[in-house]
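Down below is the structure, laid out as structure tokens.
Side chains are part of it too, since the values below use all heavy atoms of this structure and drop only hydrogens, waters and symmetry mates.
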Amino acid sequence: DNLPGAVFTCIRHADGRLTMPYLSRGGEALLGCGREQLAADATAMLAHIDAADRPEVEGLFGNTAAPSRPAQFRIAGLGDGSRWVQCLAQPHAGRNGETIWDGFLLDIDAQKAAMRERDAARGKLDEKTRLADIALDNMTQGLTLYDPQGRLEVFNRRYCEIYNLPPDFLRPGITLTEIMQYSVSIGNYSPAEAQHAIDTRLAIAQSARRQRLFQTLADGRIIEVVHQPLPDGGSVATFNEVTEAKRRESELATKSELLQVTLERMREGISVFDGGYRLRAWNDQFIALLELPPECAQVGTPLADIIRAQAKLGELGGMDPEQRIAEVIANARARRSLRWERRRRNGSVMELQRNPMPDGGFITVYRDITELKRGEQALRAAKEEAEQASRAKGEFLANMSHELRTPLYAIIGFSEILRDEMFGPLGNEHYRDYARDVHASGTHLLDLINDILDMSKIEAGKLELHEQAIDMQDLLQT
């Protein structure tokens, strides 16, 4: 009665009856039957056994020839639900032809519950392992995991694809040295770079710190390798093909360098502020033109600091710097394009042109136009001088026309009287020839004076045109 579980004796009589003449005290609780009832008819316990498990118990006490094997079954209908019981019994023959089983009953309900929990945990672990395998094989990066001795434990399909490694080559336990040597043998690295590639990769794998390496393969691809040590002494590494990203990065660096060189070669100053009104790009001419202190030439310098620095230099003409800051920000928010001129404290003139950018910031171009302004003033003075000379010329021509044409009219008139002998013969024929020459010369001179006056009227815009049809052929022949 003090043993764990219960001890029993069960007898299959020659007439087929099944009785249980002995059952220790713990058996009643396990089987859900009283000892007196089982002593009279042991089959009474079948009513308490789960229907699915009854064949197991019937087979245990039905086969009298073969050695008994352990049987596990559930006892149903108990107050706290069903309970798992295991029966261990060994048959032997009695004196009167009966079969006697001496056995042991064990409560294995807790063991079964633990097994169920174990199976559930194993199922969850198997599912997590399956999902982890799916995740590994669908990663865009290659991945390897090494133990503290440098032996491969985990890898994914992308790692094999990056280095053209056949899946049957990689196996748990292979070392990184073997992998690198094989990678060299299939041409992943040029002969000149092979040993250096092996030494570099092995050195990084042994590092106790996070490391980053860029490998250039023989086919021109660039692989980013990130090594991360683990607390147990192992390491994990990721592999990412960054050929295109490196190409774009190189192009961007080249363009940035060319842009900076271009900016520095410009005579104009340039500044770029982002949507938060902080300085992002500029050239040296911007700092020189505005005479800003060195601390303003820093990425991220607020616009407000630059305007306040200009106010200290007297560049705002007495305007409140805070008011100017608010004004610039308001124009930037309104996305206005502006162009204006500013006369500086040293007398020079600066032209500023500001245009908005998509991120809410703006770009400003600063140009010293002092010499241009001086040229404009000189041009205006020259224009005024030319206009004054033109007016003097006009006055001279007007006076000349009056002073010259008046005596010419007299000369032409008297020469015409003499030529035509209006008051009688002149006597000598030479006088008439001289009169004709004087008349022709005077008329020619009058035509020249009239042409000069017409030119003067044209310059003054006062000549009236009289349109008429002409014969182009006669004109060309003339």
Side-chain angles (χ1 to χ4, degrees), residues 1-137 153-154 172:
D1 288 342
N2 294 321
L3 292 174
V7 177
F8 70 89
T9 298
C10 191
I11 301 174
R12 171 71 67 180
H13 298 275
D15 57 6
R17 289 181 302 108
L18 186 66
T19 62
M20 189 176 290
Y22 178 76
L23 177 64
S24 64
R25 188 175 303 165
E28 292 182 331
L30 287 176
L31 298 177
C33 295
R35 283 185 287 183
E36 294 82 0
Q37 184 181 9
L38 293 173
D41 183 6
T43 59
M45 67 178 175
L46 295 176
H48 298 278
I49 295 174
D50 190 283
D53 300 332
R54 286 174 191 169
E56 181 80 8
V57 178
E58 290 172 348
L60 174 66
F61 296 107
N63 189 352
T64 60
S68 180
R69 55 182 178 79
Q72 295 181 351
F73 52 89
R74 286 163 292 182
I75 301 296
L78 301 178
D80 55 352
S82 63
R83 177 184 293 119
W84 277 95
V85 175
Q86 179 171 312
C87 178
L88 301 173
Q90 186 65 37
H92 59 90
R95 295 177 182 177
N96 301 316
E98 71 273 18
T99 302
I100 303 172
W101 286 272
D102 294 320
F104 193 77
L105 297 172
L106 291 175
D107 184 349
I108 60 171
D109 199 57
Q111 179 183 350
K112 281 288 187 181
M115 292 175 64
R116 287 193 299 271
E117 291 179 1
R118 181 198 63 191
D119 292 342
R122 182 176 295 169
K124 290 181 180 180
L125 180 61
D126 291 343
E127 178 64 13
K128 288 182 179 180
T129 301
R130 185 183 70 83
L131 293 176
D133 290 340
I134 293 174
L136 282 173
D137 284 338
E153 289 188 334
V154 177

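- Screening Ile108, Leu30, Val57 against Val85 for a side-chain contact (heavy atoms from CB on, under 4.5 Å) leaves a single residue, Leu30.
- Within the 4.5 Å cutoff, side-chain heavy atoms of Cys10 are placed close to those of Leu18.
- Minimum heavy-atom separation, Phe8 to Phe104: CE2-N, 3.4 Å.
- Between Glu58 and Leu46 the shortest heavy-atom distance is OE2-CD1, 4.0 Å.
- Listed here is the closest heavy atom pair of Ala44 and Cys33: O-SG, 3.9 Å.
- Side-chain contact between Thr99 and Ile11 is absent, with no heavy-atom pair separated by less than 4.5 Å.
- Ion pairing between Arg83 and Asp109 fails under the 4.0 Å rule for side-chain N and carboxylate O.
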Side chain to side chain contact (heavy atoms under 4.5 Å, CB included) for Phe73 and Cys87? Distances and angles first, verdict last.
CA-CA 8 Å; Phe73 52 89; Cys87 178; 3.9 Å; yes
Take Lys128 and Asp126, measure what side chain to side chain contact (heavy atoms under 4.5 Å, CB included) needs, and give me the verdict at the end.
CA-CA 5 Å; Lys128 288 182 179 180; Asp126 291 343; over 6 Å; no
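- Closest heavy-atom contact between Pro55 and Ala52: CD-O, 3.8 Å.
- Of the candidates Arg12, Arg17, His13, Arg17 is the only one forming a side-chain hydrogen bond (donor to acceptor under 3.5 Å, both in side chains) with Asp15.
- Closest approach of Ala39 to Thr19, counting heavy atoms only: O-CB, 3.4 Å.
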Walk me through it: do Asp53 and Trp84 pass the test side chain to side chain contact (heavy atoms under 4.5 Å, CB included)?
CA-CA 10 Å; Asp53 300 332; Trp84 277 95; 4.3 Å; yes
